[in-house]
Amino acid sequence: MATISAPHRHLLGIASLATEEIEALLETADGFVDLNRRSDKKLALLRGLTQINLFFESSTRTRTSFELAGKRLGADVVNMSVGASAIKKGETLIDTAMTLNAMHPDVLVVRHHDSGAVALLARHVRCAVINAGDGTHEHPTQALLDALTIRRRRGRIAGLTVAICGDIAHSRVARSNILLLTRLGARVRLVAPPTLLPPGMGPQYGVELFHDMRAGLEGADIVMMLRLQSERMQGSFVPSLREYFRFFGLTWEKLASARPDALIMHPGPMNRGVEIDGVVADDIDRSAILDQVEMGVAVRMACLDHLTRHLREAA
Ligand code: ASP
């Protein structure tokens, strides 16, 4: 079976994964979903290995699920809190990387507010590095867990119409999903006001652009909503939150133009009443938002498993 091959060593983005590697990760993750539903969830695949989670940006879902993933596979997992570390005292990213490297971790899971920072750090350590989100660049494990969610709920990805809606300009989730979903044969639409689309985005990326929710959702199989990421905005991108909700917030009324069984997704954290109406998000038949959280643990287990296989083979 394909695994993440030696030249990568790291998981920095969907862009650097081959299609077979994506398929292999999804296949492995699918197996871990069943394990995670059992009362005894523990394997010894990563026994003796050390995983450090280094988060320069806050996170609930991603950090917890990487921690659970590592522990369920038997690794020793350390969470480094940046707020209480030497980084706060002015240490550079490279010094931090070298310091951690000297402690011989086997996997570093890194989230950073700057695009490209995780790749930079990866060049200075000997272990595998997983990008848990870098700036507005990529969030590969989110796209993988979204793909697994879609595959399990719809049985396939190829041929489906996926509408990614909202703050695409500031979203690493959108970027990774565009790369992954187009690669696996989905038709991807981006639905956003012009101010929230990255400059230069268009058909050359294999996507269709819409500035109107009803038109963009017409016949969609999957409606993926994104958070309005105010913390990444310099200046104002929408007239007001009320107006944004009125034109771009997902309501039953706007969803009526999608397929009757269209699946609703959101990577979290959600801003209810801004990009999505709470009653839509909570509909247990239509919303896959909690499935996404569940798939997150399985996908991260698969990534840890694949990236450490060469260590186990060498032992
Ligand atoms: N949790 C996702 C991320 O880290 C999405 C978000 O923050 O809105 O990119």
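When reading the values below, keep in mind they use all heavy atoms of this one structure, side chains included, and skip hydrogens, waters and symmetry mates. Just follow the structure's listing: the first ligand is 1, and inside any ligand the first atom is 1.
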Taking atom CZ of Arg246 as the centre, report whether more than 12 heavy atoms of other residues, nucleotides or ligands fall under 6.0 Å from it. no
Pairs of nitrogen or oxygen atoms closer than 3.5 Å, one from Gly268 and one from ligand 1: do any exist? yes
Contact (N/O only, under 3.5 Å) between Gln142 and ligand 1: no
Any heavy atom of [X] closer to ligand 1 than 4.0 angstrom?
X: Arg111; value: yes
X: Gly133; value: no
X: Pro269; value: yes

What protein heavy atom is closest to atom 9 (O) of ligand 1, reported as residue, atom name and distance in Å? Arg172 NE, 2.8 Å
Residue, atom name and distance, where the atom is the protein heavy atom closest to atom 8 (O) of ligand 1: Arg227 NE, 2.7 Å
Which segment of Arg61 sits under 4.0 Å of ligand 1 when only heavy atoms are counted: neither
With a distance cut-off below 6.0 Å to the six-membered ring centre and an angular limit of 45° from the axis, does Arg111 pair with Phe55 as a cation-pi contact? no
Can any side-chain N or O of His10 pair as donor or acceptor with the backbone N or O of Leu12 at less than 3.5 Å? no
Going by the angle between their ring planes, with limits at 30° and 60°, are His113 and Phe56 parallel, tilted or perpendicular? perpendicular
At a 4.0 Å threshold, what atoms of ligand 1 neighbour a non-hydrogen atom of Val173? 2 (C), 5 (C), 9 (O)
Check this for me, if you would: do Lys254 and Glu275 make a salt bridge, where the nitrogen-to-carboxylate-oxygen distance has to be below 4.0 angstrom? no
Any carboxylate oxygen within less than 4.0 angstrom of a Lys/Arg side-chain nitrogen, looking at Arg153 and Asp291? yes
Run through Ile222, Val223, Ile178, Val191 and flag the one making a side chain to side chain contact (heavy atoms under 4.5 Å, CB included) with Ile164. Ile178
